[in-house]
Asks: 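Take this structure, written in structure tokens, and hold onto it; I'll ask about it next.
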Amino acid sequence: MLFNSGGGLGGLALASMLSNTCFADESVQADYKTGAAPKAKRVIQLFMAGAASQIDTFDHKPELEKIDGQKSDFGEKIEAFQDGLGPWMKSPWSFKKYGQCGKSISEIVSPLGDCVDDIAFVHNMVSTSGVHSQATYLQATGFDRPGFPGMGAWISYGLGSENENLPTFVVLPDHRGFASNGPKNWESAFLPATNQGTMIWPNKSEPITDLFAGDRKAAGNNAQRLKLLETLNRTHQASRQADDRLEARIRSYELAAKMQLAAPEALDISQEPAHILKLYGLDHGKTSFPKEINPLEETEYFSKKCLVARRLIERGVRFVQIWSGNDNGFPRRNWDSHEDIKRDHEPLAIGMATGAAALIKDLKQRGLLEDTIILWTTEFGRLPSSQAGKGRDHNPFVFTNWLCGGGIAGGTSFGPSDQWGYKPLDREHPTKVYDIHATVLHLLGIDHRKLTVRNNGIDRRLTDVHGHVINEIIA
Amino acid sequence: MINFRRTLFFTLSVLFAMAQFAIYGQDKSDDLDQQKKSYEAVAEIFRTRCLSCHNSEHTDGELSLQTLAAIKKGGWSGPAVVPGSVFDSYLVDMITSEDGKPAMPQDADPLTDQQVNTIKKWIADGAYWPENETLSLAPPIDLDWWSLKPLQRPSVPELAGESNKWVSNPIDAFIAKKHEEMGFAATYPASKLQLIRRLYFDLVGLPPSPDEIESFINDDDPKAYENLVEKLLASPQYGERWARHWLDLVQYADTHGYDKDKMRNNAWPYRDYVIESFNQDKPYSRFVREQIAGDVLFPETAHGQVATGFLSAGPWDFIGHVEVPESKIDGQIARLLDRDDMVSTTMNTFVSTTVQCARCHHHKFDPVHQEHYYALHAVFADLDRADNAYDADPAVAKKRFELEENLAKIKAKLEEAIGPKRFKQLETAMNQKSGNHVPEFGWHSDIAMTPDTPSWIQFGFHDPQRIKAMVLYPAFDDFNNIGAGFGFPVRFKVEVSNDPDFTNDIKIVFDQTNDDLKNPGLKPFRINFPSAPEFKFIRITVTKRSSRKDDYNVAFAEVKFIHKEEVAEAPVAPDLITSSGSIEAPPRWQEKNLFDQHFPRSRSGNERQAIMCLLTPEAIEKLESRGIEFSDENLKQIAAHFEDGLYKTLKQTIKSLEALPKQQQVYSATVHNGNGNFRGRAGLGPREIRVLKRGNVRTPGEIAQPGTIPVIAGRVWEFGNTKTLGERRVSLADWTTRKDNPLTWRSIVNRVWHYHFGKGIVNTPNDFGRMGAQPTHPELLDWLAVEFRDGGDWIKNRQSIKDLHRLIVNSSVYKQASADNAEYSAKDKNNQYLWRMNRRQLDAESIRDSMLVVSGKLDKKMYGAPFKNFVVEKPEHSPHYRYGKYDPNNPESHRRSIYRFVVRSQQQPLMNSLNCADPNQRVAVRNQSNTVTQSLAMLNNKFVLAMSNHLAQRLKNEHDELSKQITLGFTLVTGRGPIQSEFVALHAYALENGLEDACRVLFNLNEFAFVD
């Protein structure tokens, strides 16, 4: 096996032998492991693009029901991104308590009610920016500007691959298009290119770019072509044995051939039994959907990505990132509900919650949840006041993340927000993305302070100079 | 729960501290030296970990750690340190904890156990502190580092024997000296085939043709190699190759990046500027100066105007600038990051120094403090990135420059003559464009099927009005090709009343209901009210509508009430607008457009308004009192009086300017004059730059003065505060290109070396600081830097990049073979000491361009707008760049890769897989990964398949027999003919799978991707 399955330095060393790169200036911090046995081996990140409302999903605010319609007063001057400082607005959905922990969540995410005892909610997340682009970069890469590797790239770099036939880091973008910043959210930046997120579009005829030539028939005999290529390359290599790069390039063609076999198999959900398709809500039998945004269609797309994610991690993919919501085009197909929270959030949330709940249950019944972390995130939250009557403006001052599996303490709600869901209750001690990243790396057995790469004179790490492991949400 | 835990920690840490105290108590040292050492260690911890927040300027928690007195006094929580008592010292509680998460340093890694113990011991020993000592916030400026030492020309090593024979220029002498030390014998040169391929790819980024190879190999002239070097350096493809290296550094792309990644359609003139500069062999200091301050230093040249495309080449946050104003925190952050990009790119590129970490704190290793970093912000404090007009033709640029200078003089005189207020009005009037220039067209009535369906609109005021006149501005709409005067009524009247319903107390002030009115076009329709009646409501009633298209309407662009006859009288909008029926279709048609001061202009209308500005209010009053109307005819006569003077000259100069060829646009750094949130700083002066505590715009500190980093020994780093903003950039350009700048010259020669050898003398070309690599051959680097800077026996033309190439590629070290040597490799595996040439793995551009050359498709057209090898969907909002939908057979895309439209967020998959530069990174060294993605792209990307087909077609055109086709194909791709086994394998494959497929295999060969 090319990469060792335990990852670690072996993974690093082999990865760099394969890619033979001059990615970083030279020094790689060698000893970046925590030393403790890692509780998790892989991560599935669910990213709600456009900023999902915390107070309409997982952070119930009874106070808003009392003051709904009254002139909003935050007790201080605030700058809304647009003009979202209308009256207080309660959630248009009802909330209900679930599980042993009695977590109260909204009806639009009620499919996750069965899972709350496995989930740790973090309600005092704060961002540094209320601008989608910067805030999305911050959640995705730990920096609020372009030029830094995605979280999945760091984890791929730190742990290596469990399966040489598939990419280590897979991204399942929203089928309608990219969120803010596009593929820069999962680039390898200054890490070796092997760690870059590979995009897979499960619903498209060509799920992975250039996996096959456009016209497969005209393309001739794949195996024969690769055999000829290797023969010729070996002849060339014979008098140049010392150059590792030549061997690495020959090997990467072998791996390409393996991926051509492995990837279609991994994506083929027709092998899934009926009860699994039912679990994911994919048994609806429909092939066309109404023009307007609707829950069934959202379920079809999001849930299918969750199912594909499960198949990928079963086959050794280290990090899967699933996106819900595309750019800010119209009609709106993301969580940026400035105009009408009900119109967008309801179908998106139902689709997301159906898929996420199915994923959690499915992993659990397979024994995979215990070493797989699911991280639900978004770039920031939405204000408890209204915008244009029915919408909500950006709230970078507080929002919610949740984590599940892989050593996370289920049934936990950490770091409450204030009575409105405007800011953390304890404003001096918010949770930042660095803390989430530090915690995930910790569970994977990596000390976030030590996994560094020198780039242009600075030792870079995922958590910049910040980050504390949140022990309160670790089992 | 949290509170409980905190209490527990506190208790535990107190117990812990007591235990420690007991130990240290016994160990108490009286030795002053020991105490001083202890103090030094503590001071170092305070300085690096605490002082940035806890100092006398900004004291978080009211605590400063700069003096012992302040430390003993403490902050909110009482004394931080009680000498002799670890137990009573609050500081210790703050930096210790049981679960590894102490309260301080906040948002940062905790102190190490060793550091904590050092502090405890220092306290226990009595907290020694030298009298009156104040800890400095910043680390001392330490220039004792190789890259900061003054440049001096080292003497060239003298060698003897074999080594000396090998030496063909000073480079070889420095290299051979090391070889001798390492025990490496003189190495043998590469074959002529290897040399010609090496030179072609290195200097022009393209493969030599089989004919060129053959004639070079057969050329017995001892100068054959040198001649080839000259030929390639003189070819225009040289600039295309080397400009690409430069574009890597500056993050060049044709879109903005960030959210939406909108197109930046005018970035390319900067790209062309870089190509031209390399081809012209522009002296390096000129090249640097143009890019920092060309608009100020050389405004009369096209290059001067385009070169600051350097500062704007990086990503730009569209939303953060266009949707968020500078007054908001998010807007300030966006602009801070924008300047950070300009500062970082400038310093990384020209002086190989990482300054960006000083945004939040003093550089930990290099002499870059926060005030230096923000001093650089102050240099760029007035800039934004935007499109700017310029003249590509230098002659036109010069002419325009002269005319504009002239214009400024005339304007100044005219301003003196008529006063600043009227002059401003005059300028406004003259700058108005004709036709609709805003989407707000005006007001539109309901639509009727007959012309005589009545329509009215009325305006109500809370307070009674007395006006002299009303002006109705006709609307403009292309609908049904109507254009000017769209919807202007044919018959109508105007009435005033104090009754909103117009049932009684009605005065008719204008009546045109008996005759048809000739459509006025865009000429404002003025109605004078000689009696100046008082009213609260005024109504326009239309009795005959304007014809639209089988139906009838009424429309106006603007309504103006005139109280006094002044040119720029403050507009009066009514309090209430009502009508018999209107179409609200914002933004084009809505009631409020009538008072938005936007209306389509006619040229004559603008002229009329301008002439009015030339008259003093008194003159207007006088003319009026004599009953003279401001009819066009009268105005013409009035204007004639001014035509001989300044106004005429002004108009003529403007006309001459307008007659110049149309300007091109370049996206560059500029003092922007914009609208809305993206206002820019034109006319407002520079942004105030403050030293931001922890890089946070919410915690501004002292005002930053313009300056730079203090790395030139004995020179002040501040530029002085009296200079204009343009001059600040000139100061930075001067500083960068100073002879005694230790970094600039080392930086550029190292970069050029890096591109020739695949590895720099310093392997971190963007960072010569203490976190970077050290030179493998420091004397060679300095010799090259001085020779380049000053000129000499080898670099005849001072600062000539081409002379530097000549020197390097004519050296023996460059001409060595790339073959391995097991013995030397054992001593120096990475070939640091260049005992062989490094084998070059071709970059993305060279691979793509070579495929085009080999398949006979390359279009060598230079310069101009980039080709797009994608299909754009939804361009109006967030463009979707669809590479997969583009037909790679489209000849428009068969130009060299440097001319491709670079999408910042998402590069073309083939180029991306081949590690083309990421335009969000300042790429000094290309990534060289061989990934699975790359193999798949090289095998299956549509471009590769298309070029395989074209190559096959070319081979078929040149030869009829498959065997000859195969031989030629192999030769084109590798530069040599196939050996027997290669030929047989390829031939058999082509017979079975077709020549096209065999060509596809050829493009995937390692021998195609690597150059010996």
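Below, chains carry the letters A, B, ... as their sequence lines are ordered, and counting in each starts from 1.
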Asks: Has the side chain of B:Ser929 got a donor or acceptor atom that lies under 3.5 Å from a matching backbone atom of A:Ala193?
Replies: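 At least one qualifying donor-acceptor pair exists.
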Asks: Need one label for B:Gln907: side chain, backbone, both or neither, based on atoms under 4.5 Å from any heavy atom in chain A.
Replies: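 Nothing of B:Gln907, per the 4.5 Å heavy-atom cut-off to chain A.
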Asks: What distance separates A:Arg145 CZ from B:Asp341 CG, expressed to the nearest 0.5 Å?
Replies: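 Atom-to-atom, A:Arg145:CZ and B:Asp341:CG are 10.0 Å apart.
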Asks: Evaluate side chain to side chain donor-acceptor pair (under 3.5 Å) for A:Gln82 paired with B:Glu323, printing each intermediate quantity in order.
Replies: CA-CA 9 Å; A:Gln82 292 178 356; B:Glu323 291 192 8; 4.8 Å; no
Asks: Examine whether an atom of B:Leu986 lies under 4.5 Å from a heavy atom of chain A, and if so say whether it belongs to the side chain, the backbone or both; otherwise answer neither.
Replies: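 Answer is both: backbone and side chain atoms of B:Leu986 are under 4.5 Å from chain A.
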Asks: Please state whether the side chain, the backbone, both or neither of B:Asp366 comes within less than 4.5 Å of a heavy atom of chain A.
Replies: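 Looking at B:Asp366, nothing touches chain A.
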Asks: Of the listed residues (B:Leu1005, B:Asn912, B:Asn1004), which shares the most heavy-atom pairs with chain A below a 4.5 Å separation?
Replies: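 Of the options given, most contacts go to B:Asn1004.
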Asks: To the nearest 0.5 Å, how far apart are CG in A:Asn233 and CZ in B:Phe1010?
Replies: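 Nearest 0.5 Å value for the CG-CZ distance: 9.5 Å.
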Asks: Measure distances from B:Gln934 to the heavy atoms of chain A and classify the residue's part below 4.5 Å as side chain, backbone, both or neither.
Replies: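 The side chain, not the backbone.
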Asks: Taking side chain as everything from C-beta outward and backbone as N, CA, C, O, which of these in B:Ala1009 sits under 4.5 Å from a heavy atom of chain A? Side chain, backbone, both or neither.
Replies: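 Just its side chain gets close to chain A.
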Asks: Do A:Gln260 and B:Asn940 come within less than 4.5 Å of each other through their side chains, counting heavy atoms only?
Replies: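 Of all side-chain heavy-atom pairs linking B:Asn940 with A:Gln260, at least one is under 4.5 Å.
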Asks: If we define contacts as heavy-atom pairs under 4.5 Å, which of B:Asp918, B:Thr974, B:Val324, B:Val944 has the most with chain A?
Replies: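 With the most close heavy-atom pairs to chain A, the winner is B:Asp918.
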Asks: B:Ile979 and A:Thr235: which non-hydrogen atoms are nearest, and at how many Å?
Replies: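 Shortest heavy-atom contact: CD1-CG2, 3.9 Å.
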Asks: Please look at B:Val1001 and chain A and tell me whether the side chain, the backbone, both or neither of the residue comes under 4.5 angstrom of a heavy atom of that chain.
Replies: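 Both backbone and side chain of B:Val1001 come within 4.5 Å of chain A.
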Asks: What part of B:Arg882 gets closer than 4.5 Å to chain A, counting heavy atoms only: side chain, backbone, both or neither?
Replies: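 B:Arg882 touches chain A through side-chain heavy atoms alone.
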Asks: What's the separation between atom CD in B:Gln908 and atom OG1 in A:Thr209, rounded to the nearest 0.5 Å?
Replies: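 Reported value, rounded in 0.5 Å steps: 10.0 Å.
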Asks: Looking only at non-hydrogen atoms, find the nearest pair between B:Ile319 and A:Phe81 and report the distance.
Replies: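 What the structure gives for the nearest pair is CG2-CZ, 3.7 Å.
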Asks: For B:Lys759, is it the side chain, the backbone, both, or neither that has a heavy atom closer than 4.5 Å to a heavy atom of chain A?
Replies: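 For B:Lys759, there is no contact with chain A at all, as no heavy atom is under 4.5 Å.
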Asks: Is the backbone of A:Ala242 close enough, under 3.5 Å, to the side chain of B:Asp820 for a donor and an acceptor to pair up by distance?
Replies: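 The answer is no, because no donor-acceptor pair under 3.5 Å joins these two groups.
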Asks: Report, as yes or no, whether the 6.0 Å neighbourhood of atom NZ on A:Lys227 holds more than 12 heavy atoms from other residues, nucleotides or ligands.
Replies: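 Result for NZ/A:Lys227: open.
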Asks: Can you measure from CD (B:Gln928) to CZ (A:Arg249) and round to the nearest 0.5 angstrom?
Replies: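 Between B:Gln928 CD and A:Arg249 CZ, I get 12.0 Å after rounding to 0.5 Å.
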Asks: Less than 4.5 Å to any heavy atom of chain B: does that hold for the side chain of A:Glu254, its backbone, both, or neither?
Replies: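 For A:Glu254, neither part sits under 4.5 Å from chain B.
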Asks: Which answer fits B:Gln356, side chain, backbone, both or neither, if we ask what part of it has an atom under 4.5 Å from a heavy atom of chain A?
Replies: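 For B:Gln356, the contact with chain A is made by the side chain alone.
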Asks: Relative to chain A, which segment of B:Tyr258 carries a heavy atom at a distance below 4.5 Å: side chain, backbone, both, or neither?
Replies: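 Contact with chain A involves both backbone and side-chain atoms of B:Tyr258.
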Asks: Heavy-atom pairs under 4.5 Å with chain B: which of A:Leu226, A:Thr136, A:Thr231, A:Leu232 has the most?
Replies: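 If we count pairs closer than 4.5 Å to chain B, A:Leu232 comes out on top.
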Asks: In the structure I gave you, are the side-chain heavy atoms of A:Lys184 and B:Gln906 within less than 4.5 Å of one another anywhere?
Replies: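 Of all side-chain heavy-atom pairs linking B:Gln906 with A:Lys184, none is under 4.5 Å.
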Asks: Roughly how far, to the nearest 0.5 Å, is the NZ atom of B:Lys874 from the CZ atom of A:Arg176?
Replies: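 Reported value, rounded in 0.5 Å steps: 9.5 Å.
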Asks: Tell me, for A:Lys432 versus chain B, whether the close heavy atoms (under 4.5 Å) come from the side chain, the backbone, both or neither.
Replies: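 The side chain, not the backbone.
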Asks: For the residue pair A:Ala189 and B:Gln921, what are the closest heavy atoms and their distance?
Replies: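 Distance-wise, the nearest heavy atoms are CB-NE2, 3.1 Å.
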Asks: Is it true that B:Asp1012 and A:Arg240 have a side-chain N and a carboxylate O under 4.0 angstrom from each other?
Replies: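 Yes.
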Asks: Supply the atom-to-atom distance B:Asn920 CG to A:Phe148 CZ, rounded to the nearest 0.5 angstrom.
Replies: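 One finds 10.5 Å between CG of B:Asn920 and CZ of A:Phe148.
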Asks: Can you say whether A:Gln237 sits under 4.5 Å from chain B via the side chain, the backbone, both, or neither, judging by heavy atoms?
Replies: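 Neither; nothing under 4.5 Å.
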Asks: Taking side chain as everything from C-beta outward and backbone as N, CA, C, O, which of these in A:Glu206 sits under 4.5 Å from a heavy atom of chain B? Side chain, backbone, both or neither.
Replies: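 Looking at A:Glu206, nothing touches chain B.
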Asks: Please determine, by modelled atom types, if A:Ser180 and B:Asp259 share a side-chain donor-acceptor pair under 3.5 angstrom.
Replies: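 Side-chain D/A pair, A:Ser180 to B:Asp259: present.
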Asks: Would you check if B:Met771 and A:Ile458 make a side-chain contact, meaning some heavy-atom pair closer than 4.5 Å?
Replies: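 Side chain of B:Met771 against side chain of A:Ile458, heavy atoms only: no contact under 4.5 Å found.
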Asks: Does A:Asn456 offer a backbone N or O that forms a donor-acceptor pair with the side chain of B:Asn766 under 3.5 Å?
Replies: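 Side chain of B:Asn766 to backbone of A:Asn456: no pair is present.
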Asks: Non-hydrogen atoms of chain B under 4.5 Å away: do they reach the side chain of A:Asp435, the backbone, both or neither?
Replies: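 For A:Asp435, neither part sits under 4.5 Å from chain B.
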Asks: Of all the heavy-atom pairs spanning A:Thr128 and B:Asp330, show the shortest one and how long it is.
Replies: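 Looking at all heavy atoms of both residues, the shortest contact is O-OD1, 4.2 Å.
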Asks: Which atoms of B:Ser825 are under 4.5 Å from chain A, going by heavy atoms: the side chain, the backbone, both sets, or neither?
Replies: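 The answer is neither part of B:Ser825.
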Asks: What residue, out of A:Glu230, A:Lys258, A:Gln224, A:His466, has the most heavy-atom pairs lying under 4.5 Å from chain B?
Replies: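 The answer is A:Gln224.
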Asks: Under a 4.5 Å heavy-atom cutoff, which of A:Pro183, A:Ala257, A:Ala179, A:Gly182 has the most pairs with chain B?
Replies: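 Sorted descending by pairs with chain B, the first entry is A:Pro183.
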Asks: Compare every heavy atom of B:Pro909 with every heavy atom of A:Asp210, then report the nearest pair and how far apart it is.
Replies: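 Smallest interatomic distance, heavy atoms only, reads OD2-CB, 4.1 Å.
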Asks: Please look at B:Asp317 and chain A and tell me whether the side chain, the backbone, both or neither of the residue comes under 4.5 angstrom of a heavy atom of that chain.
Replies: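 The answer is the side chain of B:Asp317.
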Asks: At a heavy-atom separation under 4.5 Å, does A:Ile208 approach chain B through its side chain, its backbone, both, or neither?
Replies: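 Neither part, no heavy atoms under 4.5 Å.
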Asks: What part of B:Glu1007 gets within 4.5 angstrom of chain A, counting heavy atoms only: side chain, backbone, both, or neither?
Replies: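 Both backbone and side chain.
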Asks: So, do A:His236 and B:Glu982 sit near enough that their side-chain heavy atoms are less than 4.5 Å apart?
Replies: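 The answer is no; the side chains never approach within 4.5 Å.
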Asks: Please classify the contact of B:Asp261 with chain A as side chain, backbone, both or neither, using a heavy-atom distance under 4.5 Å.
Replies: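 Contact with chain A involves no heavy atom of B:Asp261 at all.
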Asks: Which pair of non-hydrogen atoms, one from A:Ala248 and one from B:Asn930, has the smallest distance, and what is that distance?
Replies: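 Looking at all heavy atoms of both residues, the closest pair is CB-ND2, 4.3 Å.
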Asks: Is it the side chain or the backbone of A:Ala80 that comes within 4.5 Å of chain B heavy atoms, both, or neither?
Replies: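 The backbone, not the side chain.
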Asks: With side chains defined as the heavy atoms from C-beta onward, is the minimum distance between B:Leu939 and A:Phe212 less than 4.5 Å?
Replies: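 No, every pair of side-chain atoms sits at 4.5 Å or beyond.
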